[in-house]
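Lettering follows sequence order; numbering is per chain, from 1. Nothing here was measured: the structure is a model prediction, and the numbers come from that model.
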Amino acid sequence: MGKHRAIHWFRKGLRLHDNPALLKACEQASELYPIFVLDPWFASSPQCHVGCNRWRFLLQALQDLDQSLQSLNLRLFVIRGQPEVEIEKLCQQWSITKLTYEADTEPYAVQRDAKVEARMEALGVEVIKCVSHTLFDVNLTVKNNGGCAPLTYQKFQSVLSKMGTPAKALLSPTLTDLEGCKTPVSSSHDQYYGVPTLEELGKSSSDCGPLLFPGGETEALDRMERHLKKINWICNFEKPKTSPNSLSPSTTVLSPYLKFGCLSPRLFYHRLQQVYSGKKHSQPPVSLHGQLLWREFFYTVGAVTPNFDRMKGNPVCRQIPWGSKPEHLEAWTEARTGYPFIDAVMTQLRLEGWIHHLARHAVACFLTRGDLWVSWEQGMKVFEELLLDADWSLNAGNWMWLSASAFFHQYFRVYSPVAFGKKTDPNGDYLRKYLPVLKKFPAKYIFEPWLAPSSVQQAAGCIVGKDYPRPIVDHDRARQENIKKMAAAYAAAKSSNEGSPVKTSGGGKKKLSTELDKQPNKKLKK
DNA sequence: ACGCTTGTTGCCATG
DNA sequence: TCATGGCAACAAGCG
């Protein structure tokens with residue numbers, strides 16, 4: 001007989017499969033209250049960086065969750081208010097003895113959960129939290145690396161290699177698991193605890209783009225299985241060889257589902273392993289396993305690095321004197337840089353909420369070290385709003401990567417806003433899809449419409465400077481100037497030892513002398 | 001200690 | 001079509 005009255009608090013981890021905390025909630029419970037806490041005030045506040053598409057995804061995920069729970073005689077409660085306040089009230093109202101949830105390593109979540117735990121302690125409610133959002137417990141990974149985060153993928157892999165394979169994914173709870181356990185539901189449940197509409201959150205569904213990636217666990221599992229059927233594709237997958245500008249996604253687009261936890265990374269990992277088994281297959285970092293490891297890498301570093309989403313006070317981030325040109329940031333954000341590839345990607349992002357990883361590279365490089373010299377933090381905030389898969393650790397980590405602020409340092413490798421897109425879309429079909437104003441340009445000019453003779457512009461019905469912007473900067477010149485600025489920032493960091501992630505030796509003497517370096521090595525063998 | 005190798009995904013010219 | 005080197009030259013890890 002169940003003696004517990006339990007709350008399972010969904011935050012991320014919007015799924016029933018591989019949800020150890022949910023299973024813990026079911027154990028010896030006579031009453032189980034699955035809740036999700038939503039602060040409607042936050043949804044409409046200016047501090048909220050969640051665009052309409054992602055709200056829609058979340059609400060769909062919650063709907064799907066409620067459906068699945070109903071088939072287990074359970075119901076989801078969507079609670080309106082602040083978590084620490086509302087959960088305390090509910091514990092008293094429902095005489096709760098046990099609270100379970102999935103561990104979350106993001107700083108705001110760590111703080112929030114600490115507050116909740118303190119209140120639960122005072123109330124005498126048992127709190128159980130489980131790791132299921134990442135392949136491993138990232139704090140254990142850090143511990144196994146000697147107490148600091150591994151800052152290269154290689155180092156990260158070598159730490160993981162000592163940790164074995166990730167835990168197997170757990171099954172969803174069944175009616176048998178839940179025997180004698182139900183959610184007490186009143187007739188006014190939907191009125192008070194139903195999944196809200198976009199309108200209730202002050203959003204309008206007319207602001208959303210086409211529904212390409214419906215939210216929820218059901219869709220996540222379908223999507224994963226659809227891809228896993230393509231055995232050769234899975235085994236040969238190499239991320240850098242996929243196209244950033246195909247007309248339909250060249251990768252799985254499971255990222256939004258992983259972000260919200262509609263899909264367990266451990267389930268995906270082991271399902272991939274099953275497909276790989278006995279076959280020749282690609283390897284990390286480029287394989288699909290490798291993609292899960294990248295996610296894990298940034299989660300791990302993000303969990304233990306102070307100020308990970310900022311430049312100042314961030315020990316892994318190079319300090320770079322980014323400029324502030326609001327009009328440049330605005331043009332980039334609003335897809336009017338005058339570089340069709342950049343503008344098409346930014347249009348797809350705003351409209352659909354997902355762009356290919358390499359497309360993110362191109363626009364991130366363009367905004368920061370490549371062309372506009374705008375801080376990566378600014379770009380990160382735009383992605384935070386518009387991406388369905390906006391994930392705090394990955395977003396900050398990748399923006400630092402692309403801006404050569406951390407992890408990646410070869411700042412003279414700059415993506416060309418013209419040449420990069422041409423490689424995989426020589427005809428410019430992707431540009432025509434997202435920038436219809438350029439539709440009639442011949443392939444020869446569509447990546448650089450400002451070079452088209454005026455007769456061509458007229459025939460295309462698009463005059464550059466009138467119907468489509470001129471290039472916001474001259475790429476070649478901007479690139480050269482920015483490389484110089486990056487070199488200066490790197491040199492400054494070296495001489496002051498500031499922004500250098502890991503302290504090596506003492507002072508800043510280092511090399512003055514390429515001369516010395518060129519001298520023959522006079523060391524004698526033995 | 002210091003030199004060497006490597007680094008998921010650049011671009012361009014050359015062969 | 002693909003591989004290579006120059007570009008101007010970085011950080012981190014390893015031995």
Colleague: My understanding is that a pair needs two contacts under 3.5 Å, Watson-Crick or G-U wobble. By that rule, which nucleotide pairs with C:dA8?
Modeller: none
Colleague: Heavy atoms from C-beta onward define the side chain here; which of C:dA11, C:dG13, B:dG10 lies closest to that of A:F420?
Modeller: B:dG10
Colleague: Starting the side chain at C-beta, find the nucleotide from B:dC12, C:dG13, C:dA11 nearest to A:R318.
Modeller: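 Output: C:dA11.
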Colleague: Please state the P separation for the pair B:dG7 and C:dA9 - nearest whole angstrom.
Modeller: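 Rounded to whole Å, the distance is 23 Å.
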Colleague: Please confirm whether the shortest side-chain N or O distance from A:R413 to OP1 or OP2 of B:dT9 is below 4.0 Å.
Modeller: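 Yes, because at least one side-chain N or O of A:R413 sits under 4.0 Å from OP1 or OP2 of B:dT9.
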Colleague: Of the candidate nucleotides B:dT9, C:dA12, B:dG7, which contains the atom at the shortest distance from the side chain of A:Q410?
Modeller: B:dG7
Colleague: Roughly, in whole Å, what's the span from OH in A:Y411 to C1' in C:dA8?
Modeller: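 Roughly 7 Å, once rounded to whole Å.
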Colleague: Going by atom types only, do A:H475 and A:D371 share a side-chain donor-acceptor pair under 3.5 Å?
Modeller: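 Yes, a side-chain donor-acceptor pair sits under 3.5 Å.
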Colleague: In this structure, how many angstroms lie between the C1' atom of C:dC10 and the CD1 atom of A:I483, rounded?
Modeller: 12 Å
Colleague: Check the side chains of A:S282 and A:E238 for a donor-acceptor pair under 3.5 angstrom, ignoring hydrogens and angles.
Modeller: no
Colleague: Between B:dT6 and C:dT4, how far apart are the two P atoms, rounded to whole Å?
Modeller: 14 Å
Colleague: With respect to the side chain of A:K155, which nucleotide from C:dC14, C:dA11, B:dG10 is positioned closest?
Modeller: C:dC14
Colleague: Decide if atom CZ of A:R477 counts as having more than 12 heavy atoms of other residues, nucleotides or ligands within a radius under 6.0 Å.
Modeller: no
Colleague: Under a 3.5 Å cut-off for both contacts, is C:dG13 paired Watson-Crick or G-U wobble with anything, and if yes, with which nucleotide?
Modeller: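 For C:dG13, the partner nucleotide comes out as B:dC4, under the 3.5 Å rule.
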Colleague: Stacking check: are the rings of A:W294 and B:dT8 less than 5.5 Å apart at their centres and under 30 degrees in tilt?
Modeller: yes
Colleague: Find the distance A:K485:NZ to C:dA9:P and express it as a whole number of Å.
Modeller: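 So the NZ-P distance, A:K485 to C:dA9, works out to 16 Å.
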Colleague: Under 3.5 Å, is there a donor on one side chain and an acceptor on the other for A:T424 and A:N245?
Modeller: yes
Colleague: Under a 3.5 Å cut-off for both contacts, is C:dC2 paired Watson-Crick or G-U wobble with anything, and if yes, with which nucleotide?
Modeller: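 Because both required distances fall under 3.5 Å, C:dC2 counts as paired with B:dG15.
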Colleague: What contact category does A:E238 fall into here, base, sugar-phosphate, or nothing, at under 4.0 angstrom with non-hydrogen atoms?
Modeller: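 Touches nothing.
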Colleague: In whole angstroms, how far is the P atom of B:dG7 from the CG atom of A:L293?
Modeller: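 To the nearest whole Å, that distance equals 15 Å.
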Colleague: Does A:V414 reach a base, just sugar-phosphate, or nothing at all? Heavy atoms under 4.0 Å.
Modeller: sugar-phosphate
Colleague: Could you check how far CZ of A:F412 sits from P of C:dC7, rounded to whole Å?
Modeller: 12 Å
Colleague: Output the rounded distance in Å from NZ (A:K484) to P (C:dC7).
Modeller: 16 Å
Colleague: Select one nucleotide: of B:dT9, C:dA11, B:dT8, the one nearest the side-chain heavy atoms of A:L358.
Modeller: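 Side chain of A:L358 sits closest to B:dT9.
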Colleague: Taking the same atom, C1', in B:dT8 and in C:dA8, what whole-Å distance lies between them?
Modeller: 23 Å
Colleague: Find the distance A:Q283:CD to B:dT8:P and express it as a whole number of Å.
Modeller: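 The answer, rounded to whole Å, is 15 Å.
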Colleague: When the distance from CG of A:N145 to P of C:dG13 is rounded to whole Å, what number comes out?
Modeller: 9 Å
Colleague: On a whole-Å scale, what distance lies between the P atoms belonging to C:dG5 and B:dT5?
Modeller: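 It comes out at 14 Å once rounded to the nearest Å.
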Colleague: Counting side-chain heavy atoms from CB outward, which of C:dA12, C:dA11, B:dG10 is closest to A:T152?
Modeller: C:dA12
Colleague: Provide the full list of side chain to side chain donor-acceptor pair (under 3.5 Å) pairs with a residue in residues 438-450 of chain A, sequence neighbours left out, each pair given once.
Modeller: A:K422-A:E448
Colleague: A:H289 and A:Y276: side-chain donor and acceptor closer than 3.5 Å?
Modeller: no
Colleague: By nearest atom, which of the nucleotides B:dT8, B:dG10, B:dC11 is closest to the A:K423 side chain?
Modeller: B:dC11
